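Below is one structure, written out as structure tokens; the observations come after it.
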Amino acid sequence: MADQSPARAPAAPLDFIRSIVEQDIAAGRRGGRVATRFPPEPNGYLHIGHAKSICLNFGIAGEYGGTCNLRFDDTNPTREDVEYVDAIEADVRWLGFAWSAKLYASDYFERLYGFAVDLVTRGLAYVDSLDADQIREHRGTLTTPGKDSPYRTRSVGENLDLFARMRAGEFPDGAHVLRAKIDMGSPNLNMRDPTLYRIRHAAHHRTGGAWCIYPMYDYAHPLSDAIERITHSLCTLEFEDHRPLYDWLVRALFEGDMPQQIEFARLNLSYTVMSKRKLLQLVEQGHVAGWDDPRMPTIAGLRRRGCTPEAIRDFCARIGVAKKENVIDVAQLEHSVREDLNRRARRVMGVLRPLKVVLTNYPDGQVEEVDVVNNPEDASAGTRRVPFSRVLYIEQDDFLEDPPKKFFRLAPGREVRLRCAYFITCTGVIKDARGAVQELRCVYDPATRGGDAPDGRRVKATLHWVSAAHAVGAEVRLYDRLFSVEDPEDAPEGRTFLDHLNPASLETLGGCLVEPGLADAAPGDRFQFERLGYFCVDPDSRPGALVFNRTVSLRDAWANIRRRV
Ligand code: ATP
Ligand code: MG
């Protein structure tokens with residue numbers, strides 16, 4: 001397969017799944033083949049948790065010369081949509097992976113039906129006519145065994161007839177279900193005659209009106225794996241108790257190599273929710289602007305925010321795969337994003353909250369261009385020319401009229417450096433009627449061109465700036481965490497995760513000013529605004545009406561945490 005995933009570093013210790021895969025290859029199990037699949041249900045957009053599964057499944061296939069299928073597990077007609085199918089494909093591709101085959105569980109509907117008829121014929125499945133409540137009552141609990149349904153002893157002939165009529169549409173929703181005949185006394189509830197098919201008179205996004213019975217996920221999934229000759233079926237821990245059913249179905253219907261289901265801990269991330277049901281609620285109730293809102297943990301949201309596929313893959317590699325549930329600090333994802341953007345993002349100057357500065361000793365009407373380094377950490381990135389003139393803007397935050405001890409930036413009478421330009425000294429403060437600072441008057445020292453004083457005198461701060469006559473206006477969207485608590489799902493009685501939404505998760509700034517070189521920046525372009533953070537051009541951006549998203553600020557909480565421990 002055309003896999004562009006980075007090869008695993010040779011020295012990295014194997015995770016428990018790769019260890020199993022390597023042992024299987026060494027032992028020649030299943031002919032030494034490696035075949036994985038990523039099986040999303042097209043009922044929502046992919047999120048960062050799915051990225052973990054994608055990196056694992058496609059990664060293993062790439063590393064061991066195997067295959068990885070993208071299989072849509074589209075067995076639930078009422079919640080699924082082609083919009084999601086398209087978005088999932090785009091996201092997997094964007095993450096840098098290519099599937100060996102694109103498949104749909106719905107392509108197997110006829111075969112799955114045939115398998116069910118086979119089970120019925122062999123006395124391994126029956127049509128039950130209890131209603132949903134009765135089935136639940138009969139199922140028993142973790143501590144009490146279930147009870148057989150009175151319909152469990154129907155003859156094969158009667159079962160075949162009823163199942164065929166279920167398919168033919170003779171019965172309303174809920175009238176009957178097809179169940180596996182396993183063991184109502186099993187300690188594992190999944191083995192207490194699980195439902196295999198239910199009647200659902202609903203159109204399917206791919207099969208249209210062809211079917212009115214639909215297979216359950218627990219039935220379709222193992223059989224789809226077996227049909228595709230998957231070798232290692234990787235899934236999250238909640239399916240551990242379903243594994244006996246997975247094995248039971250595959251053994252009952254297939255011969256030879258069996259796919260092996262292996263469970264790993266799902267990714268949980270602090271300050272967000274990952275359940276598709278909850279993400280859908282955020283979208284439908286308008287708490288966010290859509291599935292690709294840059295505050296969402298979706299791949300589409302992270303992309304729009306400015307994260308790179310490399311950063312997401314790096315994050316997934318760092319968190320690894322294990323058997324034990326845990327919560328990953330979102331700062332760790334931000335760390336991977338910063339590391340990657342630090343390498344690739346061009347440095348530019350942009351002022352978010354402009355404060356006007358007039359250089360009273362700079363000739364009126366004169367414009368010069370100063371050379372600004374593109375990346376202080378990479379000399380080969382070169383320099384660019386940025387216009388400089390008498391009227392400039394600096395960041396409001398970079399000036400205080402009455403500075404406290406630790407404030408080293410501009411203040412009355414104080415000298416600072418303008419990045420790659422000149423030293424300036426504040427000589428006057430112009431205020432409005434209410435006393436708020438409106439403009440500054442400064443003088444520059446022509447001898448400090450380029451940012452160094454020939455007499456060796458030093459300044460304690462270097463500020464970013466733009467030239468008023470040349471700067472380009474922009475809107476900047478500052479994003480913060482969508483939830484104000486680490487675990488939004490941990491809500492007291494009568495409240496929900498929505499009560500933990502962070503009211504300040506989006507701050508939109510108009511009237512920002514960026515250096516003129518950004519005038520034709522295109523959606524998706526990424527920059528480091530010096531001293532402020534990493535920013536990405538939003539798809540809403542137009543020439544003349546630039547819109548930037550702040551991907552992440554420069555401060556790296558995760559690096560600090562790691563330094564401390
Ligand atoms: P839901 O949110 O509705 O419970 P889901 O997240 O399980 O659904 P699927 O489309 O069924 O969504 O997931 C596709 C694959 O991604 C499955 O193999 C699933 O185990 C895996 N997956 C889903 N969420 C995570 C997660 N947080 N971490 C790792 N893998 C995940
Ligand atoms: Mg699922």
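Atoms considered below: every heavy atom in the structure, side chains included; atoms not considered: hydrogens, waters and symmetry mates. Sequential numbering from 1 along the given sequence is applied to the chain's residues. If you're wondering where the values come from, they're calculated on a predicted model, not measured in any experiment. Note that ligands are numbered from 1 as they come in the structure, with each ligand's atoms numbered from 1 the same way.
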May I ask you to list the atoms of ligand 1 that are less than 4.0 angstrom from any heavy atom of [X]?
| X | answer |
| --- | --- |
| S53 | 16 (O), 21 (C), 30 (N) |
| E41 | 9 (P), 10 (O) |
| T236 | 19 (C), 20 (O), 29 (C), 30 (N), 31 (C) |

### Query
Considering residues at least two apart in sequence or located in another chain, which fulfil the salt bridge (Lys or Arg N to Asp or Glu O under 4.0 Å) criterion with R33?
none
For [X] and ligand 1, does the shortest N/O to N/O distance drop below 3.5 Å?
| X | value |
| --- | --- |
| L234 | no |
| K276 | yes |
| K52 | no |

### Task
Determine, for K323 against E263, whether the closest basic-nitrogen to carboxylate-oxygen distance falls under 4.0 angstrom.
yes
### Message
Salt bridge or not between D193 and R152? Use side-chain N to carboxylate O under 4.0 Å.
### Response
yes
### Query
What side-chain hydrogen bond (donor to acceptor under 3.5 Å, both in side chains) pairs are there with at least one residue in residues 489-500, not counting sequence neighbours?
K278-E489
### Query
Where on H47 is there a heavy atom closer than 4.0 Å to ligand 1, on the side chain, on the backbone, on both, or on neither?
side chain
### Message
Against ligand 1, does H50 come closer than 4.0 Å with any heavy atom?
### Response
yes
#### Entry: Neighbour count >12 (heavy atoms, 6.0 Å) for atom CD, E255
no
#### Entry: Identified ring-ring contact (aromatic ring centres under 6.0 Å, His included) partner of Y197 from the options Y214, F109, Y219
Y219
### Message
On a heavy-atom basis, I'd like to know which of C316, P39, S275 is closest to atom 17 (C) of ligand 1.
### Response
P39
### Query
Where the closest heavy atom to atom 7 (O) of ligand 1 is concerned, which of R266, K278, M274 has it?
R266
### Query
When rounded to the nearest 0.5 angstrom, what is the spacing between CZ in R37 and OG in S233?
3.5 Å
